[in-house]
Amino acid sequence: MDSTSKATASIPSRVTWVWTNLKGKRAFYCLGIMGSITFNVMQLTIPFFVAKLIDTFIDGENAAYNLEHNRNLFYFYIAAMVGLTLIRTMIVYGTGMIFESASQWFLYKIRNELYDKVQRQDMNFYNTYRTGDLMTRMTGDLDAVRHMIAWVIKTIIESVTLYAATMVYFFFMDWQLALILLIISPLIFIVILKFRKDVGPKHALLREKLSGLNTNAQENISGNRVVKAFAREKYEMEKFDQGNKEYSETNKKTALTWLKYYPAIETFANLMPIILLVVGGIFIINGRLTKGEFAAFSGLIWAIANPMRNLGSIMNEFQRFKAASAKVMEIYYSEPKIKDAPNAVDRPDRFKGKVEFKNVSFKYEDGKLPVLENLSFTVEPGETLAIMGETGCGKTSLIHLIPRFYEVTGGQVLVDGTDVRELKLQQLRKNIGLATQEVLLYSDTIDGNIAYGDDHLPKNEVVKFARYSAASDFIAKMPEGYDTIIGERGVGLSGGQKQRISLARALAIRPAILILDDTTSAVDMETEKEIQESLKHLDFPCTKIIIAQRISTTKNADKIMVLKDGHILEMGTHEELIEKKGYYRSIVDLQTGGEQ
Ligand code: GTP
Ligand code: MG
C-alpha cells in the first residue's frame, strides 16, 4: 500500500497475536473458557433431571409406586436441580468476570504497545498515516478487538459447547431422532457462509468511513483558525455532514445485511421444534421414545436452535474484528526503518560536535526529484554554520539528516567522524538541540516546556536558558511566570514568543550541536541581536547550524552556505561572500539597501 507498510515485519496470524498478548493471563483466560464449557454442559442437567422425574415419578410404569417408596430419590432430583442451578449461576458470574478482566488487560497491553510503536516511528510514518486514522486504530478498532476476546470468543465457545453437548445427549437418547434434527444444520451453515461473504467487505468499508470521519474532525479542530479565517465553517460543516451521512448509511447497510439472511435462519431454526413434534410424536406412538425423553428433547431443542441463530451475530462480530484487527496489527507489527544498527558504536560521552557531509544526496521516498545532490562540507566543533537559500531549496531537509530523521540516499553524514548510521539514535539525538521550523509546544507550563529534554533541570537553569533566548522578560510578565500553562485559559503566545521558548528548550539540553531552523524569523531585529549575542557566549561548547534569512544573523557565522536547488551555490565567510558578488551579496544589498 505505502512505503511504511512495506517496512512492516511479517504479520503472524490473528490467533498468534491474541495469544501472545494474553501472556500473563493465559491460564486465567483458559479458566474462563473452561468455565463457559462447564456452564453450557450443565445446561443439560435440568432437562436430564426433568426427564428422570417424569419417567420415574409421573408417567413411568411404576410412577405411583416410586413416588410412594422412593421419596428420597425424588428429593435428591429436586435438590440436585436446585444445587446445580446455583453452581451454574456462580460459574456464569465467574466466567463473566474473567472474560472482562482478561480482555481489559489485553486492551491495556496492546494500547501501550501501539503507543510505543507510534512513538518510535520515523518521519516517513507520520507522513503516511493521518492522525485521525491512527487515533481510530488506537480507540475504535482496538475496542472491536477487545469485544472479540470478551464476547465473541465466549459466545462461540458457549454455542459450540451447547450445540455439541446437546447433540451428544440427543444421540444417546435416540440417535435416529437426533440425526433427523441434524439435517437442518448444513442449510444453516450455507446461509451463514453467504452472509459472511456479503458482510465482510461492508465492515472493512465501515471502518474506513469512521477513520475518514475522525480524520476530518481532528484536522478541523486543530485547524479551526484557518477555517475561521476563510469563513469556511459552512463548507466544513457540509463536508462533515456528508462524511457523517456516508458513515451512517454504511453502518445501516451493514446492520441491515443480516436482515436479508435472518428469515432463512429463523425459518430453519423454527423448523426444528416442528420436526421434533412430528417425528417425536410418531416415535412416542411407536413406543420408541418415552414421554420423559420427549420432554428432554423439547426442553433442549432451543440449545440446538439458538447457537444457529447466534451464528449470524457471531459472524457479524467476527467480520468487524477482522477489519479492525488488520488495522491494529499493521501498526503493532510495524517497524521503523531508521533504527540502531546491530553493531552501532557506543558513545555515551558528550559529543565534540563535528558535523561533516560527504557527497550527500537525498530524496524523499515519495518524492520524484532529489532534494539534495552531492553536498560536501564540514563544521568543526564550536563553529557556527549559517545556511541560507530561497524557500524550498532543501535547508530543512539538510538539517534533518543530522539527527537521522531521514536516511541519506547517497554519501555520508558524519558526526564526530562517525557515520550517523553507525551511532546509537538515542545517543546521537541527545547531543543535538533542535528548534524546528514549525514550533510545537505542549499544553504544559512554560517551565515544563523549556525543561522538556531534561526533567531534572533546576529552576535557575530554566531561567538562565530563557535569558539566553531573550524570553525571560516576556515570561516574567505572564500571569504566573514560569508556571503559566501555555494554551490554557486564554494564555496564548505570539509566534516570536513561541520561537524563543523553543530555542530555550533546545538550549536546555546543553547540546553539542545546536540546530536552529529559522528560529528567529518571527523575532524583531533588536531581540534577535540579543539572542545572537547570547549564543556567542553559551557556557558550554556547542557547534551551531543556523538556518536564517537575515544578514544580521548570518554575518557573524564562521561559514555561510548558500543553497540552491539542493546544491551549494556559495560558501565562505561574510566578507568572502561579499567579495564574491554573487547571490549572498545581492541579498546583503537588498537587506541593507546597498550600503555595503
Ligand atoms: P523553507 O523552509 O521554505 O525556506 O524551505 P526549505 O529550504 O527548508 O525546504 P525543504 O527542505 O523543507 O524542502 C525542500 C524540497 O523538499 C521542497 O521541494 C519540498 O517540496 C520537498 N519536501 C519537503 N518535505 C517533504 C516531504 O516530507 N516529502 C516530500 N516528498 N517532499 C518534501
Ligand atoms: Mg525549511
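As the structure lists them, so they are numbered: ligands from 1, and atoms in each ligand from 1.
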Under 4.0 Å from a heavy atom of Asp366: give me the atoms of ligand 1 that qualify, with their elements.
28 (N), 29 (C), 30 (N)
Is Lys234 salt-bridged to Glu238, going by a charged N under 4.0 Å from an acidic O?
yes
Name every donor-acceptor pair, under 3.5 Å, that has one atom in a side chain of residues 375-388 and the other anywhere in the protein, sequence neighbours excluded.
| unit_1 | atom_1 | unit_2 | atom_2 | d |
| --- | --- | --- | --- | --- |
| Ser376 | OG | Asn359 | N | 2.8 |
| Glu383 | OE1 | Glu380 | N | 3.1 |
| Glu383 | OE1 | Lys559 | NZ | 3.1 |

Under 3.5 Å, N or O to N or O, is Gly389 touching ligand 1 that way?
no
Indicate whether the side chain of Gln499 and that of Thr520 have a donor and an acceptor atom separated by less than 3.5 Å.
no
Checking a contact table here: which protein heavy atom is nearest atom 4 (O) of ligand 1, and how many Å away?
Lys395 NZ, 2.7 Å
Counting neighbours of OH on Tyr332 that are heavy atoms of other residues, nucleotides or ligands and sit closer than 6.0 Å, is the number greater than 12?
yes
Geometric N/O contact Thr391 with ligand 1, under 3.5 angstrom:
yes
Do the side-chain N and O atoms of Ser325 and Arg14 include a donor-acceptor pair separated by under 3.5 angstrom?
yes
Roughly how far apart are His147 NE2 and Phe321 CZ, rounded to 0.5 Å?
11.5 Å
Please say whether more than 12 non-hydrogen atoms of neighbouring residues, nucleotides or ligands are located less than 6.0 Å from NZ in Lys322.
no
Answer yes if the side chains of Glu365 and Asn127 hold a donor-acceptor pair under 3.5 Å, and no otherwise.
no
Determine how many protein N/O/S atoms sit closer than 2.8 Å to the Mg ion (ligand 2), leaving waters out since they are not shown.
2
Val371 contact mode with ligand 1 (heavy-atom cut-off under 4.0 Å)
side chain
Counting heavy atoms only, name the option from Gly367, Gly392, Pro370 that's nearest to atom 9 (O) of ligand 1.
Gly392
Is the distance between the ring centroids of Trp19 and Phe106 under 6.0 Å?
no
Polar proximity ligand 1 side, Gln437 side, N/O cut 3.5 Å exclusive
yes
Does atom CZ of Phe230 have more than 12 heavy-atom neighbours from other groups under 6.0 Å away?
no
In terms of residue, atom name and distance, what is the protein heavy atom nearest to atom 27 (O) of ligand 1?
Asn127 ND2, 3.3 Å
Candidates Phe405, Tyr364, Tyr406, Tyr126; heavy atom nearest atom 32 (C) of ligand 1 found on Tyr364
Are more than 12 heavy atoms from other residues, nucleotides or ligands located less than 6.0 Å from atom CE of Met135?
no
Minimum-distance protein heavy atom relative to atom 8 (O) of ligand 1:
Thr396 OG1, 2.6 Å
Please indicate, with yes or no, if any protein heavy atom is found under 4.0 Å from atom 19 (C) of ligand 1?
no
Atom indices of ligand 1, in the order listed, that fall short of 4.0 Å to a heavy atom of Ser397
10 (P), 11 (O), 13 (O), 14 (C)
Supply the atom-to-atom distance Lys339 NZ to Arg120 CZ, rounded to the nearest 0.5 angstrom.
11.5 Å
